[in-house]
Chemist: 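Before I ask anything, here is the structure I am working with.
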Amino acid sequence: MRNFALLITIGFGMIFQTATAQEIAVLKYKGGGDWYANPTALPNLIRYCNQTIRTEINPKPQTVEPGSALLFQYPYIHMTGHGNIFFSDEEASNLRTYLLAGGFLHIDDNYGMEPYLKKELKKIFPEKELEEISTEHPIFSERFKFPNGLPKIHEHDGKRPQALGIFDKNRLVLLFTFESDLGDGWEDPEVHNDPPEVRQKALQMGANIIQYAFKN
């Protein structure tokens with residue numbers, strides 16, 4: 001496993017550079033949680049990014065498992081759901097290698113992920129903690145300005161939205177958007193009946209995240 005991880009680390013930059021098209025993917029994790037939630041969210045975000053920030057992302061997001069070597073083909077991985085999450089030791093090791101080698105994982109809590117997620121993140125980064133991201137961080141101003149930080153898209157428990165992250169050498173490698181529910185705002189309008197201005201904020205914040213992931 002160590003030799004495999006080292007090989008992937010060395011080849012990571014080459015994979016990104018030689019890819020013929022930009023691709024992003026949804027993480028298919030184990031544990032029983034609905035990793036497939038918000039099926040229209042990423043396609044809509046991709047369309048918005050291609051139109052507004054001049055990305056050329058494949059309109060159809062891919063699906064990848066945390067232990068797969070294919071993980072390293074994607075500069076941005078999206079993870080969402082409501083329930084339980086489980087990473088094996090091998091999957092956690094693979095995710096760690098991916099993130100430290102230049103990958104980016106965005107976890108958007110659809111509601112109820114937090115207690116399960118925090119436990120599993122300790123398998124990936126036992127030496128690190130989630131920390132709240134300053135409103136001065138570039139992710140809030142990559143393309144669209146969010147001077148107050150993460151926007152509130154969908155209400156659950158009356159808590160403020162939080163952007164939490166894990167950093168490696170000052171690079172944000174993992175973003176956990178909590179009590180915001182960006183994915184709900186990315187979905188087709190009729191799914192949640194969010195006002196246009198709310199969906200716009202969600203898509204703009206999503207575009208900032210994509211642009212940051214692609215640049216860093």
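Sequential numbering from 1 along the given sequence is applied to the chain's residues. Owing to the predicted nature of the structure, the values given are computational and were not obtained by experimental measurement.
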Chemist: List the steps, then state whether side chain to side chain contact (heavy atoms under 4.5 Å, CB included) holds for Phe125 with Asp168.
Modeler: CA-CA 10 Å; Phe125 291 113; Asp168 176 59; 6.0 Å; no

Chemist: Is there a side-chain contact between Pro66 and Asn94 (heavy atoms, below 4.5 Å)?
Modeler: no

Chemist: Check the angle between the aromatic planes of Tyr48 and Phe144 and answer parallel, tilted or perpendicular using the 30° and 60° thresholds.
Modeler: tilted

Chemist: So which atom in Gly81 and which in Ala37 form the shortest heavy-atom distance, rounded to 0.1 Å?
Modeler: CA-CB, 4.3 Å

Chemist: Could you pull out the closest heavy-atom pair between Glu179 and Lys152, with the gap in Å?
Modeler: O-NZ, 2.9 Å

Chemist: Find out whether Ile107 and Thr177 are in side-chain contact, i.e. whether some heavy atom of one side chain is under 4.5 Å from a heavy atom of the other.
Modeler: no

Chemist: Hey, quick one: are Trp35 and Phe86 part of the same hydrophobic cluster, counting side-chain heavy atoms closer than 4.5 Å, chains of contacts allowed?
Modeler: no

Chemist: Measure from the side-chain N and O atoms of Gln73 to the backbone N and O of Leu70, and report whether any donor-acceptor pair falls under 3.5 Å.
Modeler: no

Chemist: Short question: side chain of Ser180, backbone of Pro151 - any donor-acceptor pair under 3.5 Å?
Modeler: yes

Chemist: How long is the span from the CD1 atom in Ile139 to the CZ atom in Phe104, to the nearest 0.5 Å?
Modeler: 4.5 Å

Chemist: Mind running salt bridge (Lys or Arg N to Asp or Glu O under 4.0 Å) on Glu127 and Arg96 for me, showing each step along the way?
Modeler: CA-CA 12 Å; Glu127 78 284 12; Arg96 180 185 176 92; 3.0 Å; yes

Chemist: Treat each ILVMFWY residue as a node, draw an edge where side-chain heavy atoms are under 4.5 Å apart, and state whether Val191 and Val26 are in one component.
Modeler: no

Chemist: Answer whether the closest heavy-atom distance between the side chains of Glu142 and Asn216 falls below 4.5 Å.
Modeler: yes

Chemist: From Glu114 CD over to Leu130 CG, what is the distance, rounded to the nearest 0.5 angstrom?
Modeler: 8.5 Å

Chemist: Determine yes or no for a side-chain-to-main-chain donor-acceptor pair under 3.5 angstrom, with Gln62 supplying the side chain and Lys60 the backbone.
Modeler: yes

Chemist: Check Asp194 against Asp184 and note the closest heavy-atom contact, atom names and distance.
Modeler: OD2-O, 3.6 Å

Chemist: Under 4.5 Å between any side-chain heavy atoms of Pro39 and Glu187, yes or no?
Modeler: yes

Chemist: Distance check, rounded to the nearest 0.5 Å: Phe214 atom CZ versus Ile57 atom CD1?
Modeler: 4.0 Å

Chemist: Starting from Tyr111, can I reach Val198 by hopping between I/L/V/M/F/W/Y residues whose side chains sit under 4.5 Å apart?
Modeler: no

Chemist: Among Met79, Met113, His78, find the residue that satisfies the side chain to side chain contact (heavy atoms under 4.5 Å, CB included) test when tested with Asp108.
Modeler: His78

Chemist: Is any side-chain heavy atom of His137 less than 4.5 Å from a side-chain heavy atom of Tyr212?
Modeler: yes

Chemist: So, does Asp109 use its side chain to make a donor-acceptor pair with the main chain of Gly112 at under 3.5 Å?
Modeler: yes

Chemist: Dump the intermediate steps for side chain to side chain contact (heavy atoms under 4.5 Å, CB included) on Leu150 and Leu182, then the final yes or no.
Modeler: CA-CA 9 Å; Leu150 195 66; Leu182 291 174; 4.1 Å; yes

Chemist: Looking at Ala202 and Trp186, what are the two nearest heavy atoms and their distance?
Modeler: O-NE1, 2.8 Å

Chemist: Between the main-chain N or O of Glu56 and the side-chain N or O of Gln22, is there a donor-acceptor pair closer than 3.5 Å?
Modeler: yes

Chemist: Do Ile210 and Tyr76 have side chains that approach each other closer than 4.5 Å (heavy atoms only, starting at C-beta)?
Modeler: yes

Chemist: Is a side-chain N or O of Thr97 found less than 3.5 angstrom from the main chain of Ser93, in a donor-acceptor match?
Modeler: yes

Chemist: Output yes when Glu197 and Lys201 qualify as a salt bridge under the 4.0 Å nitrogen-oxygen rule, no when they do not.
Modeler: no

Chemist: Once rounded to the nearest 0.5 Å, what's the spacing between atom NZ of Lys123 and atom CD1 of Ile85?
Modeler: 10.5 Å

Chemist: For Leu175 versus Ala163, what's the shortest heavy-atom pair and its separation?
Modeler: CD1-CB, 4.1 Å

Chemist: Does any non-hydrogen side-chain atom of Thr52 lie less than 4.5 Å from one of Gln211?
Modeler: no

Chemist: Show your working on side chain to side chain contact (heavy atoms under 4.5 Å, CB included) between Asn44 and Arg199 and close with a plain yes or no.
Modeler: CA-CA 11 Å; Asn44 285 339; Arg199 294 190 70 248; 4.2 Å; yes

Chemist: Between Lys122 and Glu129, is the closest basic N to carboxylate O distance under 4.0 Å?
Modeler: yes

Chemist: Leu105 and Val173: side chain to side chain contact (heavy atoms under 4.5 Å, CB included), yes or no, with the steps?
Modeler: CA-CA 7 Å; Leu105 176 61; Val173 300; over 6 Å; no

Chemist: Can you name the closest pair of heavy atoms from Thr80 and Tyr29 and give their distance?
Modeler: O-OH, 2.7 Å

Chemist: Distance check, rounded to the nearest 0.5 Å: Leu71 atom CG versus Glu65 atom CD?
Modeler: 10.5 Å

Chemist: Can you check whether Pro61 reaches Pro43 side chain to side chain, under 4.5 Å on heavy atoms?
Modeler: yes

Chemist: Starting at CD1 of Ile209, measure out to NE2 of His106 and round the result to the nearest 0.5 Å.
Modeler: 4.0 Å

Chemist: Can you tell me if NZ on Lys119 sees more than 12 non-hydrogen neighbours from other groups inside 6.0 Å?
Modeler: yes

